[in-house]
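Below: one structure, written as structure tokens.
None of the values given here were measured: they were computed from a predicted structure. Only this structure's heavy atoms are used, side chains among them; waters, hydrogens and symmetry mates stay out.
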Amino acid sequence: MFNSIRTSKENKERITNLTNKLALGAENVIARIALGYSLSKDVNLVLADIKDSKGKEYNKRVLFGEYHSIYIAMVCQKYQLHNLNKEIPRYLKMHIDDGIEKIDGELKDNPNMLGVDLILSYINLSI
């Protein structure tokens with residue numbers, strides 16, 4: 001279906017900054033958290049609003065590991081799509097970009113937040 005996903009150009013730097021600040025592991029970790037966070041919100045993103053793909057490139061295996069089918073299922077559930085729908089990679093990309101922007105905004109509002117604090121706050125929100 002797809003081999004890789006690229007973030008927007010503006011999110012490439014955000015990912016690096018968030019990865020360094022939160023110290024949760026490699027850059028794919030923050031991308032996974034961003035995807036889950038964005039999908040948990042009660043907002044459906046519109047494909048017409050997709051951002052550029054000039055940022056950080058993630059190989060599907062690196063980004064999702066052995067759980068790629070679960071991430072795809074989350075998108076399918078949210079948008080009521082069949083798991084072979086050709087738009088799934090675009091939804092994944094949009095939600096990663098959206099989640100990165102949301103997390104970055106939260107950290108600007110709370111600059112002393114640590115990675116573990118972020119994860120615990122999301123667990124408390126039942127993400």
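- The minimum heavy-atom distance linking Ser4 with Glu57 is given by the pair OG-OE2, 2.9 Å.
- No single ILVMFWY cluster, assembled from side-chain heavy atoms under 4.5 Å apart, contains both Val29 and Val62.
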Could you pull out all donor-acceptor pairs under 3.5 Å where a side-chain atom in residues 42-51 meets a protein atom, sequence neighbours excluded?
| from | atom 1 | to | atom 2 | distance (Å) |
| --- | --- | --- | --- | --- |
| Lys51 | NZ | Glu10 | OE2 | 3.2 |
| Lys51 | NZ | Glu101 | OE2 | 3.0 |

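- The backbone N or O of Tyr37 lies less than 3.5 Å from no partner atom in the side chain of Lys102, so there is not a single donor-acceptor pair.
- Residues Ser53 and Lys93 come closest through the heavy atom pair OG-CE, 3.4 Å.
- Not one N or O on the side chain of Arg6 forms a donor-acceptor pair closer than 3.5 Å with the backbone of Lys54.
- In this structure, the separation between NE2 on His95 and OH on Tyr71 is 14.0 Å, given to the nearest 0.5 Å.
- Taking every heavy atom of both residues into account, Leu63 and Ala31 meet most closely at CD1-CB, 3.6 Å.
- Using modelled atom types, no side-chain atom of Lys60 and backbone atom of Ile5 make a donor-acceptor pair closer than 3.5 Å.
- Distance check: Thr7 OG1 to Ile100 CD1 gives 5.5 Å after rounding to the nearest 0.5 Å.
- Counting all heavy atoms, side chain and backbone alike, Asp97 lies closest to Asp52 at OD2-O, 4.5 Å.
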Going by atom type alone, with no hydrogens or angles, which donor-acceptor pairs under 3.5 Å involve a side-chain atom of residues 14-21 and a protein atom two or more places apart or on another chain?
| from | atom 1 | to | atom 2 | distance (Å) |
| --- | --- | --- | --- | --- |
| Arg14 | NE | Asp104 | OD2 | 3.4 |
| Arg14 | NH1 | Asn11 | OD1 | 2.7 |
| Thr16 | OG1 | Lys12 | O | 3.4 |
| Thr16 | OG1 | Glu27 | OE2 | 2.9 |
| Asn17 | ND2 | Glu13 | O | 3.4 |
| Thr19 | OG1 | Ile15 | O | 2.7 |
| Asn20 | ND2 | Thr16 | O | 3.2 |
| Lys21 | NZ | Pro111 | O | 2.6 |
| Lys21 | NZ | Met113 | O | 3.2 |

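- Heavy atoms only, all atoms of each residue included: Ile88 and Leu84 are closest at CD1-N, 4.4 Å.
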